[in-house]
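First comes the structure, then the notes that go with it.
Residue numbers start from 1 in every chain, and the chains themselves are labelled A, B, ... in the order their sequence lines are given, proteins ahead of strands.
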Amino acid sequence: MIDKRTASPAEAVADVSDGATVMIGGFGEAGSPIELIHALIDQGATDLTVVNNNTGSGEVGLAALIKAGRVSKMICSYPRTANSTVFPELYRSGRTALELVPQGTLAERIRAGGAGIPAFYTATSVGTPLEEGKERRTFHDRDYVLELGLTADFALIKCRVADRHGNLLYNKTARNFSAVMATAARTTVVQTKEVVEPGALDPEAIVTPGIFVHRIVTVPDPAHESVLVAEGGSYP
Amino acid sequence: MSDTVGLTRDEMAERAALDIPNGAYVNLGIGIPELVARHVPEGREFIYHTENGLLGMGPSPAPGEGDPELINAGKRQVTALPGAAYFHHADSFVMIRGGHLDLCVLGALQVSQRGDLANWSTGAPDAIPAVGGAMDLVAGVDTIFVITQHTTRDGQPKLVEECTYPLTGPAAVDRIYTDLAVIDITPDGFQLVELSPGVDYDYVAERTGAPLIPIRSTP
């Protein structure tokens, strides 16, 4: 019997090693797998390269992981968000590096990585400072830059409901990067509010097919980043 | 200062909305462009795209009725209208980069007379660089409208010969809506299309950092 359920967030992230590349789903707080991130903080892995659109807010979730000094490099498109104070400080002091990637290029680099495509050309960033150091090539009278596919050791994502095979449905705009990251990581760990039996989800409606998912952790009542931040929360 | 001259932010958004065709798929940037959604002209329907993964974005929810996982690109809570669709980021940027959106309305720090747009960074050495989806939008969407105040808070022109801030994209902008005027980017430079009520050509030209071609007189 295939059963990808894992007993706890701690067990699900136990083998993340120092130096790992970890994709973390979410756009702002929508889709942020806070319980998995907190388990990763407890687990202690360090020198991580983290891929996420942002850099978290307050001192919980991704911002707490960065604050704990575990992230040596962020790959993201928008590290400047309301209530984002942790990353700017570490970035300015040189303790956390930043690879700034246009949002669509970031999504496509992850998609390409998941699809076994090592690189692709895009018009995004041509003629801007973010083109520096990249190969330029002309197709059909238009200029494009070469971008590399991105893969990861782990993806940590959040969904609304999973079956034990790992077929996933998401909640509204919380889907964002998660469905793409699931394809690009060697080990994809999902926190879900609910697990159902195979067959309970309509095969026509499944967003992430179970082949991309390796571990499922049930978190029935996940915390919301904005609520924790408003309460002045911090982790640990 | 003549703060009372020209259009308000809301009036600028209303003026831009007049030029959006019925049935258009539209992405609205953060700031004044967001206000365009309040001013859909009578008889038209636009479908709003937000790049974090929603087509058919509606207005903010009533207090207490929002979902922290239903947000727009500015990370504010929104609603999904009947007929809306959710999708992941790769599909969302297929819509943008594959040329499927009709129009995008963005804010600006500077626009050059060739239509170069700078709207993501002032290039200050201690600034945290952040780009989001702006470069994808200007590279992938055919028609780019800009809504911006005509000058900065300290009176410097935002419509310039050459952008001094880092570019979001070269030769991207088609039309600019400011508090003072509507201006097209043409092969000859800034072409005045329309003056705001109570504003004359000289007033706008003095506040524009490159030559401004007057409205062509109709024969």
Applying a strict 4.5 Å limit to non-hydrogen atoms, the region of A/E108 in contact with chain B is side chain
Do we see a donor-acceptor contact under 3.5 Å between the side chains of B/H88 and A/S178?
-> no
Using non-hydrogen atoms and a 4.5 Å limit, figure out which bit of B/I71 sits close to chain A: side chain, backbone, both or neither.
-> both
When the ring centroid of B/H49 is compared with that of B/Y25, is the distance short of 6.0 Å?
-> no
Considering only heavy atoms and a distance below 4.5 Å, find which of B/I96, B/V78, B/I128 pairs most often with chain A.
-> B/I128
Please flag which part of A/R80 lies under 4.5 Å from any non-hydrogen atom of chain B: side chain, backbone, both or neither.
-> both
When heavy-atom pairs shorter than 4.5 Å are enumerated against chain A, which of B/P129, B/A134, B/G169 gives the highest number?
-> B/P129
Can you say whether B/Y86 sits under 4.5 Å from chain A via the side chain, the backbone, both, or neither, judging by heavy atoms?
-> both
Distance-only side-chain donor-acceptor flag, A/E29 / A/S226, under 3.5 Å | yes
Among B/A130, B/A139, B/P170, single out the residue with the greatest number of heavy-atom pairs under 4.5 Å to chain A.
-> B/A130
Can you say whether A/V101 sits under 4.5 Å from chain B via the side chain, the backbone, both, or neither, judging by heavy atoms?
-> backbone
Is there a donor in the side chain of B/S112 and an acceptor in the side chain of B/R114, or the other way round, less than 3.5 Å apart?
-> no
Between B/N119 and B/L109, is there a donor-acceptor pair closer than 3.5 Å when you use the side chain of the first and the backbone of the second?
-> no
Which atoms of A/T105 approach chain B - backbone, side chain, both or neither, heavy atom under 4.5 Å = both
Give a yes-or-no answer on whether the side chains of A/H224 and B/E69 include a donor-acceptor pair shorter than 3.5 Å.
-> no
So which of B/N72, B/T50, B/V131, B/L167 has the largest heavy-atom pair count under 4.5 angstrom toward chain A?
-> B/V131
Going by distance alone, is a donor N or O of one side chain under 3.5 Å from an acceptor N or O of the other, for A/K73 and A/T49?
-> no
Determine whether the side chains of B/E161 and B/Q113 contain a donor N or O and an acceptor N or O closer than 3.5 Å.
-> no
Interface moiety of B/D116 toward chain A, non-hydrogen atoms closer than 4.5 Å = neither
So what's closer than 4.5 Å to chain B heavy atoms on A/L98: side chain, backbone, both or neither?
-> side chain
Atom CD in A/E99, atom CZ in A/R109: separation rounded to 0.5 Å?
-> 5.0 Å
So, A/T55 versus A/S84: side-chain donor-acceptor pair below 3.5 Å or not?
-> yes
Does any heavy atom of chain B fall under 4.5 Å from the side chain of A/F27, the backbone, both, or neither of them?
-> both
Proximal component of A/F87, with respect to chain B [non-hydrogen, under 4.5 Å] = side chain
Please look at B/T168 and chain A and tell me whether the side chain, the backbone, both or neither of the residue comes under 4.5 angstrom of a heavy atom of that chain.
-> backbone
Whatever's closer than 4.5 Å to a heavy atom in chain B on A/V126 counts as backbone
